[in-house]
Amino acid sequence: MRILHLMRIDNDVVEAIGNTPLIKLKRASEATGCTILGKAEFMNPGQSVKDRAGKQMILEAEKRGDLKPGGLVVEGTAGNTGIGLAIVASARGYRTMIVIPETQSREKKDMLRLCGAELVEVPALPYSNPNNYQHIARRLADELRESEPNGVLFADQWNNLDNPKAHYVSTGPEIWEQTDGKVDGFICSIGTGGTLAGVSAFLREKNKDIVIGVADPRGAAMYELFKNGVAKPTAGGSITEGIGLGRVTPVIADARVDEAYLVPDEEAVPVIYDLLEHEGLCLGGSTGVNVAGAIRLARQLGPGHTVVTILCDSGNRYQSKLFNPDFMRSKNLPVPQWLERRSTVKVPLAEV
Ligand code: PMP
């Protein structure tokens with residue numbers, strides 16, 4: 001399937017979303033005796049797994065007649081969904097307005113502006129507060145609907161079932177074909193849960209015995225939800241961005257999960273540094289939670305199994321945080337020696 005795709009011409013950036021490689025993670029596989037594979041979502045045009053959701057939500061809105069040329073897409077997002085929406089919107093002639101908590105990385109905000117999104121930065125407040133970014137985005141979309149002649153799409157990724165559908169129709173089938181159906185476990189973390197719900201629903205239809213896992217960072221409620229049945233936040237927090245859901249939403253309401261793991265940053269961050277140092281894979285923090293979770297699931301299944309997870313986004317989106325020694329020290333997280341030493345070598349220039 002991949003070979004066929006590579007031989008094809010994509011008509012636009014929207015068609016270039018998806019069909020990402022599945023990369024064997026060498027050290028995680030060796031450490032567990034399993035084959036641990038990462039779906040390389042950072043290779044999407046917008047450099048994250050959320051391009052797929054952005055594409056699906058806009059194309060479905062077009063089909064429903066909610067958007068006409070020149071229309072406006074509004075969303076509350078930690079950044080990656082906004083980037084996915086913005087690139088698809090540009091390619092199809094829409095504008096984007098993105099509401100983002102100001103705590104999100106500078107790199108994601110820069111990329112959003114670069115992609116033409118109008119950015120509304122708001123204080124990071126809990127979901128229970130009416131001024132949480134998700135509520136502000138909804139209110140803005142409702143207000144703007146009055147004056148926008150070409151339609152407003154409030155993408156609403158936590159409630160919009162086109163989000164998990166993106167993964168049911170693309171990510172899941174790709175994983176199935178790429179592994180030739182030899183996949184024993186799938187695990188990832190949850191932001192909206194679109195990836196987990198969509199991929200797991202597809203893979204379970206194909207293989208009823210597949211083991212589905214959730215890896216949750218500290219401070220979110222998915223570990224308790226899938227372990228003990230109540231969406232209760234765990235203690236502590238996480239520097240990861242884009243993951244960590246605190247409530248049950250329509251997207252995850254029907255998700256069936258077999259195993260849940262609580263993955264603290266102290267476990268996830270070294271995985272990210274190791275993947276960069278030893279495997280040339282430069283990835284963001286949520287991927288550390290995913291791969292650490294895949295290692296735990298592989299250990300539980302035992303040697304000889306194949307476990308797939310998601311490489312959610314590119315590490316260059318977090319240069320100023322995850323790969324900034326001062327930031328990491330301020331969070332009491334480990335900094336590898338090589339990151340401290342990484343600098344540009346200066347050479348004397350020849351006289352001319
Ligand atoms: N990792 C990152 C970096 C993300 O931005 C997101 C989406 N917010 C996720 C993981 C989780 O994806 P999903 O919304 O499909 O659960």
Side-chain angles (χ1 to χ4, degrees), residues 17-18 38-44 46-57 75-86 98-101 103-105 107-109 111-112 133-134 137 155-172 186-202 212-217 220-222 225-226 238-253 255 257 263 268 272 282-294 309-318 321-322:
I17 291 171
K39 187 84 171 123
E41 293 303 289
F42 63 96
M43 291 176 72
N44 277 307
Q47 295 187 304
S48 96
V49 66
K50 299 300 303 204
D51 282 11
R52 297 184 192 254
K55 170 180 173 178
Q56 196 78 27
M57 292 192 292
E75 182 62 321
T77 152
N80 281 332
T81 305
I83 295 167
L85 288 167
I98 296 301
V99 184
I100 187 168
T103 48
Q104 299 308 290
S105 80
E107 292 85 342
K108 280 191 292 190
K109 294 180 205 164
M111 179 66 174
L112 277 161
Y133 70 110
Q134 296 173 39
D156 200 13
Q157 55 179 324
W158 283 271
N159 299 299
N160 186 341
L161 297 182
D162 297 332
N163 165 18
K165 184 178 176 185
H167 301 284
Y168 181 82
V169 301
S170 70
T171 326
F186 173 79
I187 183 164
C188 68
S189 50
I190 290 182
T192 62
T195 313
L196 181 99
V199 171
S200 64
F202 181 86
I212 302 297
V214 160
D216 210 30
M222 297 299 101
L225 176 67
F226 290 112
S238 171
I239 64 156
T240 58
E241 296 185 21
I243 57 172
L245 183 60
R247 63 190 191 282
V248 179
T249 61
V251 168
I252 59 155
V257 169
V263 180
I272 287 301
C282 181
L283 302 162
S286 68
T287 298
V289 174
N290 284 1
V291 175
T309 191
I310 303 286
L311 311 180
C312 308
D313 69 352
S314 166
N316 62 18
R317 215 145 259 187
Y318 308 95
K321 290 181 150 183
L322 186 59

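First listed ligand is number 1; within each ligand, the first listed atom is number 1.
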Enquirer: Starting from the C-alpha separation in whole Å, work towards a yes-or-no answer on salt bridge (charged side-chain N to carboxylate O under 4.0 Å, His left out) for E241 and K108.
Expert: CA-CA 10 Å; E241 296 185 21; K108 280 191 292 190; 2.8 Å; yes
Enquirer: If we count only N and O atoms by modelled type, under 3.5 Å, do the side chains of T192 and Q157 hold a donor and an acceptor together?
Expert: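 Per modelled atom types, T192 and Q157 side chains form no pair under 3.5 Å.
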Enquirer: For E107 and K321, run salt bridge (charged side-chain N to carboxylate O under 4.0 Å, His left out): C-alpha distance rounded to whole Å, both residues' side-chain angles, the deciding distance at 0.1 Å, then the answer.
Expert: CA-CA 10 Å; E107 292 85 342; K321 290 181 150 183; over 6 Å; no
Enquirer: Closest approach of S200 and L196, non-hydrogen atoms and distance?
Expert: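 Scanning both residues, the minimum pair turns out to be OG-O, 2.6 Å.
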Enquirer: Can you see which heavy atom on S286 is nearest to which on T240, and at what distance?
Expert: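 Distance-wise, the nearest heavy atoms are N-CG2, 4.0 Å.
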Enquirer: Using the side chain to side chain contact (heavy atoms under 4.5 Å, CB included) rule, take I310 and F186 through it: C-alpha gap first, then chi angles, then the decisive distance, then the call.
Expert: CA-CA 9 Å; I310 303 286; F186 173 79; 3.9 Å; yes
Enquirer: Residue by residue, ordered by chain and number, which ones reach under 4.0 Å of ligand 1 with a heavy atom?
Expert: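 The 4.0 Å shell around ligand 1 contains K50, N80, I190, G191, T192, G193, G194, T195, E241, G242, I243, S286, C312, D313, Y318.
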